[in-house]
2 protein chains.
Amino acid sequence: MTESNSFSRSSDIIFRFGLDPTLNRILVLTALSESDHPLRAKDVYEDLRQRHKLNRVTVYRILDLFAEKGVVSKISSGERSFCYCACFGRWLQGHCHFHCTRCGKVECIDKDLLPLDEEALKNRLSMDVQHIELRLDGVCTSCKAKGTTRAGARKPS
Amino acid sequence: MTESNSFSRSSDIIFRFGLDPTLNRILVLTALSESDHPLRAKDVYEDLRQRHKLNRVTVYRILDLFAEKGVVSKISSGERSFCYCACFGRWLQGHCHFHCTRCGKVECIDKDLLPLDEEALKNRLSMDVQHIELRLDGVCTSCKAKGTTRAGARKPS
DNA sequence: TGGGGGTATGCAATTCAGTTGCATCATACA
DNA sequence: TGTATGATGCAACTGAATTGCATACCCCCA
């Protein structure tokens, strides 16, 4: 998708969620949807500020608003901050996340890798379940590769 | 279990995890294991300080140490803090947590309510999965009851 | 009996993520 | 025009967690 397409698609989505598609909102959503992994508020802010003047607080407010309206999902990163994921409507179909404890990166895991029967779970509980969050913690493939090299048999000469 | 039993059992567990069972550590673990739900560092601290002089930082350090050694599990509360759960060895057998978005309380959910095939999940992923965290967010039964009363048909005369 | 090393703890200061209060700006609308 | 409403900026603040460093405690060995 070209940058301008992504921009207008974001605008469209914001509008369809009943919100005013202001420039800042469009930029925040575009940043999230162009990323292949969930982003922290700080990531979004630091990405955007390079091209556009906006306030840190504005980013937090927009992300909270999006999360509240269901435009994006707010997930725990496994660390001290939250992540925001613009995989539209993917959750509730079983989409979950992987958090690398070495590099801190959070990735999306596709729903068909998830043998979780969400409806059964909800039906068996007496409380109202509104949201299910499944997070895997471990070492990502890229960190694993680095780790193997560091401790492994072959060293660079 | 009596208080002294719980105390000596905590001491025993700490020892078996290869750690020195200092008074502070025993007290922290006892507080966690006597609670029917996971506690935040602050909860543990405020509970203990009523009976015993110790520092806030010490509590954080002990909880981190316990989590690192696997004595307790460190879970995301769904809010900005972490929770610690001393359900010994229950996780990896599928134990998960429920977080009430109204009162903030976190509860343990038993594994037989969890139709999640953890091994299948691990086998299908290329990364090393060390820990799986499943958290349900919603409204607990007690808040649900209050909510119904507040908005409901019958009011106290 | 005393000294040295290692670990646990205390205390103060700091970091970090997120939040709040309030001023201002832009837009819509009477 | 005037005014209401919502978005944004800015500064200050909060709460959770972390860091650095000093001290206390304990064990071992001379």
Side-chain angles (χ1 to χ4, degrees), chain A residues 10-11 14-15 17-32 38-49 51-69 71-85 99 101 104-106, chain B residues 10-11 14-15 17-31 38-49 51-69 71-85 99 101 104 106:
Chain A
S10 294
S11 168
I14 292 166
F15 181 78
F17 274 91
L19 297 171
D20 238 7
T22 66
L23 178 58
N24 286 338
R25 288 175 183 171
I26 295 170
L27 290 173
V28 167
L29 188 56
T30 302
L32 283 179
L39 299 175
R40 294 171 302 159
K42 196 190 169 193
D43 300 329
V44 174
Y45 173 58
E46 293 189 343
D47 176 29
L48 293 185
R49 73 192 295 209
R51 287 164 277 134
H52 172 70
K53 189 180 178 304
L54 89 172
N55 194 274
R56 203 170 58 92
V57 179
T58 303
V59 173
Y60 279 108
R61 284 198 272 233
I62 290 174
L63 288 171
D64 270 355
L65 179 69
F66 282 177
E68 188 197 319
K69 298 289 181 182
V71 185
V72 305
S73 57
K74 182 178 186 174
I75 58 172
S76 73
S77 69
E79 299 178 15
R80 281 173 61 188
S81 53
F82 291 102
C83 277
Y84 297 85
C85 181
H99 162 238
T101 53
K105 192 172 165 181
V106 177
Chain B
S10 295
S11 169
I14 292 167
F15 182 77
F17 274 93
L19 297 170
D20 237 8
T22 66
L23 178 58
N24 286 338
R25 288 176 183 169
I26 296 170
L27 290 173
V28 167
L29 188 56
T30 303
L39 300 175
R40 295 171 301 159
K42 195 190 170 192
D43 300 330
V44 174
Y45 174 59
E46 292 188 344
D47 177 27
L48 294 185
R49 73 193 295 208
R51 287 164 278 134
H52 172 71
K53 188 180 177 302
L54 90 171
N55 194 274
R56 207 168 52 91
V57 180
T58 302
V59 173
Y60 279 109
R61 285 199 272 234
I62 290 173
L63 289 170
D64 271 354
L65 179 69
F66 282 177
E68 188 197 318
K69 299 288 181 183
V71 186
V72 306
S73 58
K74 182 178 185 174
I75 58 172
S76 73
S77 69
E79 299 177 14
R80 280 175 59 191
S81 54
F82 290 102
C83 278
Y84 296 85
C85 180
H99 163 237
T101 53
V106 177

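Proteins come first, then strands; the chains are lettered A, B, ... in the order of their sequence lines, and each starts at number 1. Note that this is a predicted model, so its numbers are computed, not measured.
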Minimum-distance pair of heavy atoms, taken over all atoms of F82(B) and S76(B)
CD2-CA, 4.2 Å

Gap separating the CZ atom of R56(B) from the OH atom of Y45(B), nearest 0.5 angstrom
7.0 Å

Looking only at non-hydrogen atoms, find the nearest pair between C83(B) and V106(B) and report the distance.
SG-CG2, 3.8 Å

Exercise: identify the closest heavy-atom pair between H99(A) and G104(A)
CD2-O, 3.7 Å

Length of the line joining Y45(A):OH and dT19(C):C1', which is rounded to integer Å
16 Å

Ignoring hydrogens and angles, are the base of dA17(C) and the side chain of R80(B) linked by a donor-acceptor pair under 3.5 Å?
yes

Pairwise distance CG(L54(B)) to CG(L23(B)) - rounded to 0.5 angstrom
9.0 Å

note: L65(B), atom CG; dT7(C), atom P; distance rounded to Å ~ 12 Å

First-last contacting nucleotides on DNA chain D - partner chain B, under 4.0 angstrom, heavy atom:
dG15(D) to dG20(D)

For DNA chain C, which residues in residues 51-60 of chain A have a heavy atom at a distance below 4.0 Å?
R56(A), V57(A), Y60(A)

Between P on dG18(C) and CZ on F82(B), what's the gap in Å once rounded to a whole number?
11 Å

I need the CZ-P distance between R49(B) and dG10(C), as an integer number of Å.
12 Å

Does anything in residues 18-31 of chain A form a side chain to side chain donor-acceptor pair (under 3.5 Å)? List the pairs, not counting sequence neighbours.
S10(A)-T30(A), N24(A)-H52(A)

Separation of dT9(C) atom P from L23(B) atom CG, nearest Å, is 8 Å

Measure the OG-CZ distance between S77(A) and R40(A) for me, rounded to the nearest 0.5 Å.
7.5 Å

With no hydrogens and no angle check, is any side-chain donor or acceptor of D64(A) less than 3.5 Å from a backbone partner on R61(A)?
no

Could you tell me how far apart I26(B) (CD1) and dA8(C) (P) are, to the nearest whole angstrom?
13 Å

Nearest heavy-atom contact between L29(B) and V72(B) is CD1-CG1, 3.9 Å

Taking the six-membered ring of Y84(A), is the NZ or CZ of K74(A) close enough (under 6.0 Å from the centre) and on axis enough (within 45°)?
no

Classify every nucleotide of nucleotides 23-30 of chain C by which part a protein heavy atom approaches to under 4.0 Å, writing B for the base, S for the sugar-phosphate alone and - for neither, in 5'-to-3' order.
--------

Of the non-hydrogen atoms in D47(B) and A31(B), which two are nearest, and what is the gap between them?
OD2-CB, 3.7 Å

Can L19(A) and F15(A) be said to form a side chain to side chain contact (heavy atoms under 4.5 Å, CB included), step by step?
CA-CA 5 Å; L19(A) 297 171; F15(A) 181 78; over 6 Å; no

Could you give the CZ-to-P distance, from R61(B) to dG10(C), as a whole number of Å?
9 Å

Compute the bend angle of the helix from dT1(C)-dA30(D) to dA30(C)-dT1(D) from the end axes (five pairs per end), rounded to 10°.
10°

Give, for atom CG of L39(B) and atom CD of E46(B), the distance between the pair rounded to the nearest 0.5 Å.
11.5 Å

For S11(B), what residues pass the side-chain contact (heavy atoms from CB on, under 4.5 Å) criterion, not counting sequence neighbours?
P21(B), I26(B)

Quickly work out the L19(B) CG to dT9(C) C1' distance and round it to whole Å.
15 Å

